[in-house]
Amino acid sequence: MEYSLVCHNLYAFSFSPVKNKLFLLGIMFLLWAYMLYSCVGYCATMPSLVVDNYRGKETGSVVGKRIENNGRVDLMSRLLPRPQPWVDIESDYDETSVRTSSRDLLNNDIDAYRGAEDWDEMRGEGQRAPEPGAMSSFSNGSGSKKLPQAIIIGVKKGGTRALLEFLRVHPDIRAVGAEPHFFDRNYENGLEWYRELMPKTLEGQITMEKTPSYFVTREAPARISAMSRDTKLIVVVRDPVTRAISDYTQTLSKNPDIPTFESLTFKNRTTGLIDTSWSAIQIGIYAKHLDNWLQYFPMGQILFVSGERLISDPAGELGRVQDFLGLKRIITDKHFYFNQTKGFPCLKKAEGSSKPHCLGKTKGRTHPNIHPEVVQRLRDFYRPFNMKFYQMTGHNFGWD
């Protein structure tokens with residue numbers, strides 16, 4: 001009887017309503033804690049998965065950097081992409097020696113103003129300056145990014161922007177809009193960084209870029225050859241005297257306080273000695289720069305486009321370029337009209353647009369008046385270099 005009473009009391013105590021509720025709450029708490037622990041472990045892996053997926057599709061840059069702190073990962077550091085250097089300017093190469101401090105400042109000014117110059121140009125053309133990881137216009141995601149098979153390597157103020165915009169009309173040419181400056185300024189970033197700048201292409205399409213400073217960069221030929229010996233190179237050349245004046249005009253438009261063209265041209269005005277340390281003069285010594293390229297590429301892989309004929313006969317010059325690239329001649333006379341105001345040809349329909357298209361306001365500036373004697377001395381200076389250049393290329397450009 002006593003045993004039965006004890007059992008009855010224990011049974012009543014164990015299954016009282018209060019104990020039942022406490023028991024259920026305890027089980028629910030344990031389940032909640034387990035689910036929270038599992039969720040935290042799973043969510044901690046999500047940022048890297050999202051970032052890695054984004055990286056593969058968009059930038060190819062190094063993102064989701066881990067920062068170890070007492071064995072834990074800083075999630076914010078994994079969510080924020082690490083900045084990549086990006087130079088979107090077209091400027092002169094660095095001079096090894098400069099005669100005067102004013103000329104040194106001038107060459108620095110050219111670098112400083114080119115960023116705004118290119119951006120104004122891109123805005124005038126109704127285009128966005130591409131970012132390093134910008135996706136191509138293939139909305140369906142087809143195609144792949146490839147290293148360029150053809151590069152417009154020069155020259156500054158020769159007509160490279162016009163040539164690139166004309167070529168982009170061709171359906172088998174895909175080109176990055178802004179200048180990558182990979183082989184002269186961003187080479188340490190590596191080829192994969194460079195590849196990610198390129199637009200996606202389909203089978204049979206050609207990837208292109210243009211950076212005019214490559215032509216006068218000593219290291220560029222070896223670096224491009226190391227990427228691919230089969231790369232096709234295009235150089236737009238122009239009367240070196242006119243090119244130098246155009247170069248000066250561009251800098252003058254941004255910095256009206258620079259010295260006169262005449263004072264920068266001569267080391268000594270009395271003797272007429274030309275100052276070749278000034279980049280505007282040095283760029284036009286085409287034969288000297290071409291010697292460097294011929295150490296790495298045969299002449300058959302380099303096409304020289306006449307900047308003058310690109311204005312007077314754009315379809316003719318574009319025909320030569322299309323032949324050189326192994327493409328069907330699709331860009332013809334029907335694609336161009338001459339803009340009397342600007343003084344150069346424009347596209348009747350630009351790439352991806354049904355409207356006429358001319359280069360931006362930074363193109364076609366009026367040159368300052370240069371004394372005829374200065375112009376003549378420059379022509380005399382360039383003549384032997386031009387003659388050598390004609391012999392090297394087998395083509396007389398008629399600058400003399």
Side-chain angles (χ1 to χ4, degrees), residues 90-114 117 154-160 162 212-213 215-216 235-290 304 306-312 342-344 362-391 396-400:
E90 174 187 302
S91 59
D92 301 328
Y93 60 104
D94 295 330
E95 297 291 345
T96 56
S97 61
V98 180
R99 183 170 58 91
T100 64
S101 59
S102 63
R103 182 169 281 98
D104 186 33
L105 291 173
L106 175 61
N107 286 338
N108 290 336
D109 284 342
I110 293 173
D111 286 344
Y113 294 127
R114 281 307 299 160
E117 179 82 13
V155 299
K156 179 186 176 186
K157 306 311 296 179
T160 57
S213 55
F215 187 63
V216 294
V235 189
V236 186
V237 289
R238 181 183 183 186
D239 181 340
V241 177
T242 308
R243 198 220 66 82
I245 297 173
S246 179
D247 199 335
Y248 173 81
T249 303
Q250 173 182 289
T251 308
L252 182 66
S253 69
K254 300 294 183 179
N255 185 4
D257 298 327
I258 62 174
T260 64
F261 181 84
E262 289 84 351
S263 63
L264 292 168
T265 298
F266 298 104
K267 283 186 177 180
N268 187 314
R269 179 67 184 273
T270 303
T271 61
L273 184 62
I274 303 296
D275 190 349
T276 58
S277 69
W278 185 25
S279 60
I281 299 296
Q282 175 125 194
I283 290 174
I285 308 176
Y286 302 140
K288 171 187 173 182
H289 305 303
L290 180 57
F304 295 91
S306 167
E308 288 81 10
R309 280 195 289 275
L310 195 59
I311 295 175
S312 62
K342 286 185 171 290
F344 51 73
T362 61
K363 302 303 179 182
R365 295 187 185 95
T366 301
H367 291 179
N369 291 324
I370 307 298
H371 196 283
E373 179 189 355
V374 176
V375 174
Q376 186 56 50
R377 291 205 178 189
L378 275 176
R379 294 207 177 281
D380 294 339
F381 166 78
Y382 278 121
R383 185 170 293 109
F385 297 109
N386 291 344
M387 292 299 108
K388 183 179 179 182
F389 184 65
Y390 297 167
Q391 292 173 356
N396 188 333
F397 289 90
W399 297 324
D400 301 286

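- Considering every non-hydrogen atom in both T160 and P212, the closest pair reads OG1-CG, 3.4 Å.
- The two atoms that bring V241 and Y382 nearest to each other are CG2-CD1, 3.7 Å, heavy atoms only.
- Note that CG of D400 is 7.5 Å distant from CG of D239, once rounded to the nearest 0.5 Å.
- Between the NE2 atom of H289 and the CZ atom of F385 there is a distance of 10.0 Å, given to the nearest 0.5 Å.
- F381 CZ to T276 OG1: the interatomic distance, rounded to the nearest 0.5 Å, is 6.0 Å.
- Note that CG of N396 is 6.0 Å distant from CE of M387, once rounded to the nearest 0.5 Å.
- Minimum heavy-atom separation, G398 to Y390: N-OH, 3.6 Å.
- Residue F304 is tested with F389, F215, Y286 for a ring-ring contact (aromatic ring centres under 6.0 Å, His included); the sole match is F389.
- Between G284 and P240 the shortest heavy-atom distance is O-CB, 3.6 Å.
- You'll find the side chain of P368 reaches within 4.5 Å of the side chain of T249, heavy atoms only.
- Two residues are said to be in side-chain contact when any heavy atoms from C-beta on lie closer than 4.5 Å; R377 and R269 fail this criterion.
- Between V236 and G158, the shortest heavy-atom contact is CG1-O, 3.2 Å.
- Annotation: the span from E308 atom CD to W399 atom CH2 amounts to 6.5 Å, rounded to 0.5 Å.
- Side chains of Q282 and V216 form no contact here, defined as non-hydrogen atoms less than 4.5 Å apart.
- Contact check for T265 versus I274: side-chain heavy atoms found under the 4.5 Å cut-off.
- Residues I281 and D275 have side chains not in contact (no heavy-atom distance under 4.5 Å, counting atoms from C-beta outward).
- The shortest distance between side-chain heavy atoms of I258 and L252 falls below 4.5 Å.
- Panel note: side chain R238, backbone A244; no donor-acceptor pair is recorded below 3.5 Å.
- Side-chain contact check for T242 versus H367: some heavy-atom pair is nearer than 4.5 Å.
- Salt-bridge annotation for D380 and R383: present, with a side-chain N of the basic residue lying under 4.0 Å from a carboxylate O of the acidic one.
- Within the model, atoms OG of S279 and NZ of K156 stand 6.0 Å from one another, a figure rounded to the nearest 0.5 Å.
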